[in-house]
**Q** 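First, the structure itself, so that you have it in front of you.
Chain naming here is simple, since letters A, B, ... match the order of the sequence lines and numbering starts at 1 in each.
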Amino acid sequence: MQENGKEVESTTDSGSRTGRLGRRTFLGTAAATGAAALAGCTGGSGDGSGDGDGSGDGGSGTGTESSGSPKQGGTLNWGGAVPVQGLDPHIDTSAASKRVLENIYEEVVALQDDYSIEPHLAESMEQSEDNTLLTFKLREGVTFHNGKEMTSEDVLATYERVQNGDYLATGFFDHVEELRAPDDYTFEIQLTEPFAPFLAKMATAELSVMPAEKAEQDMVEEPIGTGPYKFESREIETSFTMVRNEDYWGASDEDGPFIDTIVKSEVPDSSVRLQSFQAGEYDFINGVAPKDASTVEQNPDARFETQFPKSLVYLGLNCDREPFDNKDARLALDYAIDKEKVAEAALYGTGQTTASPAAPDSPWVHPDLGPRERDLDKVQEHLEAAGMPDGYSATFKIPQSYPTQVQAAEVIADDAAEAGIDLEIQQITWNSWLSDVFTDQNFQATTSSYLALWYPDVSFYKFLHPDGAFFFTNWVNEDYNELVEEARTLYDEDQRAELYHQATEILHEERAGHLFLWWQPSLYAAAPAYKGDIGAPDGSTLQFADNWLDR
Amino acid sequence: MAVEQHREEADGDDGFLSESQKERLGSFARKFRSNTKAMVGLFIVVSLILVAVFAPFIAPYEMNETNIEDRTEAPSVEHPFGTDDLGRDIFSRVVLGSRISLYVGFGAISGALLVGAVVGVVSGYAGGLTDEIIMRVMDAAMAFPPVLLALTLLVVLGPELVNVVIALAFVYTPYIARVSRSAALAERNEAYVESAVARGESDTRIVFSEVFPNCMAPILVQGSLNVSFAILAEASLSFLGLGAQPPRPSWGLMINTGRGFMETAPWMLLFPALAIGIAVVGFNMLGDGLRDVLDPKVEAIE
């Protein structure tokens, strides 16, 4: 978990600050080895053309401190990939909203680059011996964007809103006995039993602190937080503007915030976005398509940045429906797919295959378990065991707004067809994915992805436990459920890791409804004048506070 | 149909046609041959059909076989049109894609002809309230832009190729019906219809054996023009993700994927686009040529 949970690589000059230098250099090396391993797997044909990701240059961005100290001011023109959705952090699930809200709201505790959790709006925190009482000493002098000072009353109101409403984190409050605010700067959480994921949940936007009067509303339309940037204006599906918070409690000459105004223009088409960036219209774009990664990398007038891992893409199999209610049918498909080839086809060497839902290189990853190798004899064996010796057919619903998943689906269907399994691709919109596949579970096979898997409870519980908020492939296994439930009560890393390793083995052996395809990075392109580390510790959002413009 | 008649004429005297019919066919063939537009159109359409029929023999590679190591390769001797983002041979895919375009083009327009021509001729011959009701319904259907209407239908029916055929047949039916009606309207007052009525023939017989054959010319012209529109519409629908589904080699779908590679691999976009262009121009020229040849006014000027 400590090592390279997140890596920020850089190929041209990036103004990384000295504080992170050591880790970045180390990560660069780690990334290089990772890339080498990947190239080794895909280079079966011997032409070795798969090394275009160039992540071996990870360390090169570290020597540019001489380019000067951060400058204040300016307007950052950001060409954004997915339009900002809702502005209520407790209910909105979209990463696009989180990318802006991350700068407007803050939490009591915050995730660090090494995936550890430190007090943030709190000065200090304490856990009782039995891990059931969490006590936070809040910072004094923190003000909301409306000028009011933040006190324990606001924090309490925020948490009570989630506890008593129907929000993303509401389920977590089943483990909470009492919330208390004994004085203006103390906040206490009494848990009913040890519950390790609670602290991690507190570091997410699902528990962003808002003023008490906002917390009383069912839905937040205009976000008011304590963060380094203030919400200015928004035109739905067109643009979103934030301005620097002059009174930010954490403001400093080293950590910012520096940039005066951040304007996000919504440019959903990746080709249009890249072309506009190359024409100088934007200082920064997120969501560079993997196929364009090498183009940006070779452009001397652009910074190419990656943040790994961002998300896990999987093949979802509905275990309530034929043919995938049959374990052997699932295994047959697993053996039919060449995962390295699929990942290479979609990601052009920027991704990594996996057999575990836990973030790569975290202690929760099973050390000896890899994805199944393609094996057509095994496919036949399992097809026969499933009572379908001639193979089977299934529809394969793919969200068309994710071109990488469409590309992957074509390769998967080609591999499967060769093995006698007929997957009929059907492109659907993201909305029908949400209603048809996710909510109604009207599907046989699909693809989708997870974000924010830096803490293991999300990876193992949220998607794969029947009580998890995002459970939809209907794979149920009692042994697995017991393991991940027990893991939630443990605080010792080794003990927890052991349980997660066992759980991963069950996922693998039973071929759970999630067949993991790859981990992929966030890919960014920025103008050379745009300085500072791009991204945020969770791998998918953005923190602009320590970024600045050199012009 | 026109093609068939043309061939029969070339076969010479088979005793099947009356002298006057032979004469008319002969004059049609003469005019058709001397019309460059019609001949070029015919040539393109016949070539397309031949390519579609013999596609599996022409295509050098398996159309859906992915080969990641050879992705986005520029056109070469090995891959005359280059390879796409998954290493598939674009030439093979364009060649096999002709089947999808022709299947949708002919399929949809045959359906539209079948329904539209009958409805139109009956409506035109009957006149009065029947005509009024049928034509207002057709006008209502024509008020929607064709691709938009097809799009809506496909959302309901589901994105499958056979549904594209059904949706486009539905969309183009009113266009055919309208032309058929005006043709029938003109024929209705001709002397031969009056004499048929005088002979006491039934309405059904008059419509289908007397009026209908005389309305064929404008219907055929409209039909062949609409084939080109249907081909274009299929490409648009597939481009939008509602037509043919991957990995089918629909030209529209190939253009959609190719769009993302415009700078790095322009051939992914170029060849399917050219194929659509050629097919559309071919059917358009054939339709235009047929109109020139069949239009009595043009004859009068001659």
**Q** Taking side chain as everything from C-beta outward and backbone as N, CA, C, O, which of these in A:Glu418 sits under 4.5 Å from a heavy atom of chain B? Side chain, backbone, both or neither.
**A** neither
**Q** Can you say whether A:Val406 sits under 4.5 Å from chain B via the side chain, the backbone, both, or neither, judging by heavy atoms?
**A** side chain
**Q** Using non-hydrogen atoms and a 4.5 Å limit, figure out which bit of B:Leu253 sits close to chain A: side chain, backbone, both or neither.
**A**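 Only the side chain of B:Leu253 comes within 4.5 Å of chain A.
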**Q** In this structure, is the centre-to-centre distance between the rings of A:Phe472 and A:Phe438 below 6.0 Å?
**A** yes
**Q** Counting heavy-atom pairs under 4.5 Å to chain A, which of B:Gly158, B:Gly87, B:Gly260 comes out on top?
**A** B:Gly260
**Q** Any chance OH of A:Tyr392 has more than 12 other-residue heavy atoms, nucleotides or ligands included, within less than 6.0 Å?
**A** yes
**Q** Does any backbone or side-chain atom of A:Ala345 lie under 4.5 Å from a heavy atom of chain B? Answer side chain, backbone, both or neither.
**A** both
**Q** Among A:Gln407, A:Lys291, A:Glu424, who wins on heavy-atom pairs under 4.5 Å with chain B?
**A** A:Lys291
**Q** What part of A:Ser270 gets closer than 4.5 Å to chain B, counting heavy atoms only: side chain, backbone, both or neither?
**A** neither
**Q** So, A:Phe284 versus A:Tyr524, ring centres under 6.0 angstrom or not?
**A** yes
**Q** Can A:Thr447 and A:Gln405 be counted as having a side-chain donor-acceptor contact under 3.5 angstrom?
**A**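 Looking only at side-chain atoms, A:Gln405 and A:Thr447 do form a donor-acceptor pair, the distance falling under 3.5 Å.
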**Q** Under a 4.5 Å heavy-atom cutoff, which of B:Thr72, B:Ile68, B:Thr257 has the most pairs with chain A?
**A**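 Highest number of pairs under 4.5 Å: B:Ile68.
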**Q** Less than 4.5 Å to any heavy atom of chain B: does that hold for the side chain of A:Asp415, its backbone, both, or neither?
**A** neither
**Q** Can you establish whether the number of heavy atoms outside B:Arg248 located under 6.0 Å from its atom CZ is more than 12?
**A**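 At most 12 heavy atoms, drawn from other residues, nucleotides or ligands, come within 6.0 Å of this atom.
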**Q** For B:Leu157, is there any backbone N or O sitting under 3.5 Å from a side-chain donor or acceptor partner on B:Asn163?
**A**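 Answer holds: yes.
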**Q** Does the ring center of A:Phe443 lie less than 6.0 Å from the ring center of A:Trp433?
**A**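 They do not qualify: ring centres at least 6.0 Å apart.
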**Q** Between B:Leu242, B:Asn64, B:Leu86, B:Thr264, which has the largest tally of heavy atom pairs under 4.5 Å with chain A?
**A** B:Leu86
